[in-house]
Engineer: 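Just dropping this structure here.
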2 protein chains.
Amino acid sequence: MDSKFKAINDPTRREILHYLVNGPQNAGQIASQFDMSKPSISHHLDLLKQANLIQADKKGQFIVYKLDKTGFEVIHAWFQSFSKYFEFPKPKIRIEI
Amino acid sequence: MDSKFKAINDPTRREILHYLVNGPQNAGQIASQFDMSKPSISHHLDLLKQANLIQADKKGQFIVYKLDKTGFEVIHAWFQSFSKYFEFPKPKIRIEI
DNA sequence: TAGATAATTAAGCGAATGTCTAAATTAAAT
DNA sequence: ATTTAATTTAGACATTCGCTTAATTATCTA
């Protein structure tokens, strides 16, 4: 739980997550998007992985990362626990039972 | 933006938010829920306020705090930006146009 | 097997964070 | 007018964080 909030606290890690919306990428491809050393990116990836926000998949000498629904769902559930207090924006029309 | 993620990163601050789901409370009432000094709680309240996650309302010598939808909506919007990648759990039945 | 490439782990450093106690501020009560 | 109560501000200290460079592990290819 703590690890997830910690993970999304950092702006670089949030950028990494958004970058991965485009699809899986290996560590080098991700690192090339940032003006930061590879070890730093590697560290960020590790924290995101610990938080189950991304999954690592070893393909030969490459390690391919992709978004992991697991962690996102946990954060989403935390969020929903406030819905009794106020509703969040909804789709335009919605019928619910 | 950063201030909001920073605010919800700390477990005490998340507890404060949950506590306020029950309704507005003054600083002393909030502090009494935690085994922590009042100045520390005051500091946490300040960070939550800066993030627009709570609102402060001065009532005489008391300062009443309540949840502020503004900040929650911003985080929620960030969250929704990942919905193209995967859908989050929905209500049981839902018809949407 | 040697050499090159991909990525991580290790070690170290300055900045930011969370906590405390003590002092200051503000408003109410006597 | 003083005192009491509620809360914040200030200052100090240990811990955590994010970054860098250097060293290490694993894999591919000639």
Side-chain angles (χ1 to χ4, degrees), chain A residues 1-20 22-68 71 75 78, chain B residues 1-20 22-68 71 75 78:
Chain A
M1 191 71 195
D2 283 22
S3 69
K4 296 176 198 348
F5 288 103
K6 173 181 169 182
I8 61 172
N9 188 28
D10 183 81
T12 301
R13 290 193 287 270
R14 290 197 300 273
E15 272 194 68
I16 291 174
L17 291 177
H18 266 134
Y19 180 58
L20 290 177
N22 304 319
Q25 304 281 340
N26 66 49
Q29 290 173 314
I30 295 169
S32 72
Q33 300 295 312
F34 297 88
D35 185 20
M36 188 179 292
S37 71
K38 283 185 180 182
S40 292
I41 296 296
S42 183
H43 176 59
H44 286 311
L45 290 170
D46 184 48
L47 291 182
L48 288 168
K49 193 172 63 177
Q50 280 180 41
N52 293 117
L53 290 167
I54 62 175
Q55 284 180 329
D57 210 355
K58 191 155 190 173
K59 291 270 173 59
Q61 67 185 319
F62 297 91
I63 298 180
V64 178
Y65 288 94
K66 64 178 177 186
L67 294 180
D68 182 354
I75 302 178
W78 177 82
Chain B
M1 190 74 193
D2 282 22
S3 68
K4 295 174 197 357
F5 288 103
K6 174 181 168 181
I8 61 172
N9 188 28
D10 183 82
T12 300
R13 291 195 286 271
R14 289 197 299 273
E15 272 195 69
I16 291 174
L17 292 176
H18 267 134
Y19 180 56
L20 291 176
N22 303 320
Q25 303 281 340
N26 66 49
Q29 290 173 313
I30 296 168
S32 72
Q33 300 295 312
F34 298 87
D35 185 20
M36 189 179 290
S37 72
K38 284 184 179 183
S40 293
I41 296 295
S42 182
H43 175 61
H44 286 311
L45 290 171
D46 183 48
L47 291 182
L48 287 169
K49 194 172 61 178
Q50 281 180 40
N52 293 116
L53 290 167
I54 62 174
Q55 284 180 330
D57 209 356
K58 192 154 190 174
K59 290 271 172 60
Q61 66 185 321
F62 299 91
I63 298 181
V64 179
Y65 288 94
K66 64 179 176 187
L67 295 181
D68 181 355
I75 302 178
W78 176 82

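Below, chains carry the letters A, B, ... as their sequence lines are ordered, and counting in each starts from 1. When reading the values below, keep in mind they use all heavy atoms of this one structure, side chains included, and skip hydrogens, waters and symmetry mates.
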Engineer: In whole angstroms, how far is the C1' atom of D/dT7 from the CD1 atom of B/Ile54?
Structural biologist: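 Computing the B/Ile54:CD1 to D/dT7:C1' distance gives 13 Å.
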Engineer: With heavy-atom distances below 4.5 Å as the criterion, would you say the side chains of B/Ile8 and A/Trp78 are in contact?
Structural biologist: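 In contact.
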Engineer: Could you state the interatomic distance from CG (B/Leu20) to CD1 (B/Ile54), rounded to the nearest 0.5 Å?
Structural biologist: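 Between B/Leu20 CG and B/Ile54 CD1, I get 6.5 Å after rounding to 0.5 Å.
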Engineer: For B/Phe34, answer base if it contacts any base atom (sugar-phosphate contacts may also be present), sugar-phosphate if it contacts only those atoms, and nothing otherwise; contact means non-hydrogen atoms under 4.0 Å.
Structural biologist: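 No contact.
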Engineer: Report yes or no: does B/Lys66 contribute a side-chain atom to a donor-acceptor pair with the main-chain N or O of B/Gln55 at less than 3.5 Å?
Structural biologist: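 No; judged by distance alone, with no hydrogens or angles, the pair does not exist.
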Engineer: Write down the distance between CD (A/Gln29) and P (C/dA6), rounded to a whole number of angstrom.
Structural biologist: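 So the two atoms are 11 Å apart, to the nearest Å.
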Engineer: Within the 4.0 Å heavy-atom criterion, would you say B/Asp46 contacts the bases, only the backbone, or no part of the nucleic acid?
Structural biologist: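 The answer is nothing, as B/Asp46 stays clear of every strand by at least 4.0 Å.
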Engineer: Return a single string for nucleotides 13-26 of chain C, one symbol per nucleotide in 5' to 3' order, where B is base contact, S is sugar-phosphate-only contact and - is none, cutoff 4.0 angstrom on heavy atoms.
Structural biologist: ----SSBBBB---S
Engineer: Is there a side-chain contact between A/Met36 and A/His44 in this structure, where contact means two heavy atoms from C-beta onward sitting under 4.5 Å apart?
Structural biologist: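 Yes; the side chains approach each other to less than 4.5 Å.
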Engineer: Give the rounded distance in Å between these two atoms: NZ of A/Lys59 and C1' of D/dA26.
Structural biologist: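 The answer, rounded to whole Å, is 17 Å.
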Engineer: Looking at side-chain heavy atoms only, is the closest gap between A/Ile75 and A/Leu53 below 4.5 Å?
Structural biologist: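 Contact flag for A/Ile75/A/Leu53 side chains = yes.
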Engineer: Give the rounded distance in Å between these two atoms: CG of A/Leu45 and C1' of C/dT8.
Structural biologist: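 That distance rounds to 11 Å.
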Engineer: Would you say a side-chain N or O of B/Tyr65 is under 4.0 Å from OP1 or OP2 of D/dA6?
Structural biologist: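 Answer is no, no contact under 4.0 Å.
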Engineer: For B/Ile63 and D/dT7, what is the distance between atoms CD1 and P respectively, to the nearest whole Å?
Structural biologist: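 So the CD1-P distance, B/Ile63 to D/dT7, works out to 7 Å.
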Engineer: Would you say that B/Ile41 contacts B/Thr12 through its side chain, given a criterion of any heavy-atom pair below 4.5 Å between the two side chains?
Structural biologist: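 Touching, per the 4.5 Å side-chain cut-off.
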Engineer: Send over the distance from A/Asp2 CG to D/dT16 P, rounded to a whole Å.
Structural biologist: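 Nearest whole value for this atom pair: 13 Å.
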Engineer: Does the side chain of A/Leu17 reach to within under 4.5 Å of the side chain of A/Arg13, using non-hydrogen atoms?
Structural biologist: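 They are not in side-chain contact.
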Engineer: Looking at D/dA6, I'd like to know if its phosphate oxygens (OP1 or OP2) sit under 4.0 Å from a side-chain N or O belonging to B/Asn26.
Structural biologist: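 The answer is no; no side-chain N or O of B/Asn26 sits under 4.0 Å from OP1 or OP2.
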Engineer: Atom CD of A/Gln50 to atom P of D/dG18: distance rounded to whole Å?
Structural biologist: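 Those two atoms, CD and P, are 12 Å apart.
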